[in-house]
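Computed from a predicted model, the values in this text were never measured in an experiment.
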Amino acid sequence: MATPTVEPTARKRRRKTRTKNVSSLPPLVASEFKASQIDLTPGKENVRCPACTCWTPITGVLGKPMLVPHHTTPYHDPTPNRRRCSNTNRRIILNTATDAWREQLAERTEVSASVASRRATKVLPKPRKGPAPTPVHRLATQEPQSAPALPRLVSMLERARRDIDRHHIACFLCRAGGRCETGRALEIRAAETQASCTIAREQLHRQERQQGGRSAAPTRRSQWAAVLPAVRDADTRRTSVPVSPGRVEAPAQAGTANVPTEPENLEAHDRRQAALGKRYARLADQPA
């Protein structure tokens, strides 16, 4: 019968480590750690062990600082058979001042906060506060039933200009050539009102042109209906007139008049062309 093997168990660590055992590994250097990997708060010195990545207290700060004996797993790990870390009792050189470490930690925290603020967060729906304001290009089309849009906008424009004049008289900065916040807001409101007036005028002109075109179309139709019998009678009489035998007409084309393709008297046409050629020759021989 085989004898059962007894699993080794770790002894309970003392509250304050006192030992003369020193690791043979080269000492660690505090300046090589990041500000977030070491804690130099007086009385609470800790460091993140490079071997097991566990936060480990530093003992002997006033004399020969070293890492306390610790395991490869955190102290709250319920693993029954834990192993001792290779950095147990390893020396560490504290060559970083506490104030310098705090400055580095504060700077790193500020940078991390700025980076986190640039990351995309969850999009939350904005609550609806009511109907959206009417755009500027639609102010001219929305009008109260008591008054038309254009006169109302003209009165608003005059009121805005009077407000700007009164503000320039009262404000020293605007009177000197500058612009304050109130003056800039008044000018923006006046410019928007001016744009609304322009759009309202354009819409009014467009409506007038459309209404004029609708009223003119029936008039033109009635005029064409009145002269249509006379036009038909003229076309009938023109087609009944016989064509002279000496004139050969070109085929009728839409939108063009019938014209002869050959002259009536070929001899006279040749004499006229010869006379024109002699005249052009004499003009070419004359000095400029």
Side-chain angles (χ1 to χ4, degrees), residues 114-241 249-260:
S114 62
V115 171
S117 63
R118 294 195 299 267
R119 293 176 181 173
T121 56
K122 183 179 180 181
V123 179
L124 300 177
K126 295 183 179 180
R128 296 183 179 180
K129 298 182 180 180
T134 305
V136 176
H137 65 277
R138 293 183 56 190
L139 287 177
T141 60
Q142 294 189 1
E143 54 179 290
Q145 299 179 358
S146 59
L150 186 57
R152 179 172 58 89
L153 291 174
V154 171
S155 62
M156 292 174 58
L157 180 60
E158 294 177 356
R159 192 182 312 112
R161 290 175 177 173
R162 288 196 300 268
D163 294 342
I164 292 176
D165 296 338
R166 286 197 296 266
H167 177 74
H168 284 181
I169 296 174
C171 181
F172 175 77
L173 180 60
C174 295
R175 190 168 59 252
R179 287 294 179 273
C180 64
E181 295 295 335
T182 305
R184 187 179 295 105
L186 292 175
E187 291 181 357
I188 292 175
R189 187 179 66 179
E192 293 178 351
T193 309
Q194 178 66 37
S196 301
C197 290
T198 304
I199 295 174
R201 290 192 183 95
E202 294 177 355
Q203 293 179 352
L204 181 61
H205 295 336
R206 189 183 304 110
Q207 293 176 0
E208 291 177 353
R209 289 195 299 268
Q210 293 176 355
Q211 293 176 359
R214 297 192 193 98
S215 61
T219 304
R220 285 195 296 269
R221 285 195 295 269
S222 61
Q223 292 175 354
W224 277 110
V227 301
L228 183 59
V231 173
R232 289 178 178 175
D233 183 48
D235 292 340
T236 303
R237 286 187 284 104
R238 182 177 62 82
T239 56
S240 62
V241 176
E249 295 185 354
Q253 298 180 1
T256 60
N258 294 335
V259 295

Exercise. Would you check, one step at a time, whether the test salt bridge (Lys or Arg N to Asp or Glu O under 4.0 Å) holds for Glu192 with Arg189?
Key: CA-CA 5 Å; Glu192 293 178 351; Arg189 187 179 66 179; over 6 Å; no
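- Thr198 is linked by a side-chain contact (heavy atoms from CB on, under 4.5 Å) to Gln194, Glu202, counting only residues two or more places apart in sequence or in another chain.
- Using a cutoff of 4.0 Å between basic side-chain nitrogens and carboxylate oxygens, Arg166 and Asp163 are scored as salt-bridged.
- Two residues are said to be in side-chain contact when any heavy atoms from C-beta on lie closer than 4.5 Å; Leu153 and Met156 meet this criterion.
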Quiz prompt | Full working for side-chain contact (heavy atoms from CB on, under 4.5 Å) between Arg179 and Leu186 | solution = CA-CA 10 Å; Arg179 287 294 179 273; Leu186 292 175; over 6 Å; no
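- In this structure, Leu173 CG and His168 NE2 are separated by 9.5 Å, a value rounded to the nearest 0.5 Å.
- Annotation: side-chain contact (heavy atoms from CB on, under 4.5 Å) contacts of Asp165 (sequence neighbours excluded): none.
- Considering only heavy atoms from C-beta on, Thr193 stays 4.5 Å or farther from Glu158 through its side chain.
- One distance of note links CD of Gln207 with CZ of Arg209; it measures 10.5 Å at 0.5 Å rounding.
- Taking each heavy atom of Glu187 and Ile164 in turn, the nearest pair found is CA-CD1, 3.9 Å.
- Partners of Arg162 by salt bridge (Lys or Arg N to Asp or Glu O under 4.0 Å), not counting sequence neighbours: none found.
- Contact record, Gly183 with His167: N-NE2, 3.4 Å, taken as the closest heavy-atom pair.
- With rounding to the nearest 0.5 Å, the separation of CD1 in Ile188 from CZ in Arg184 is 7.0 Å.
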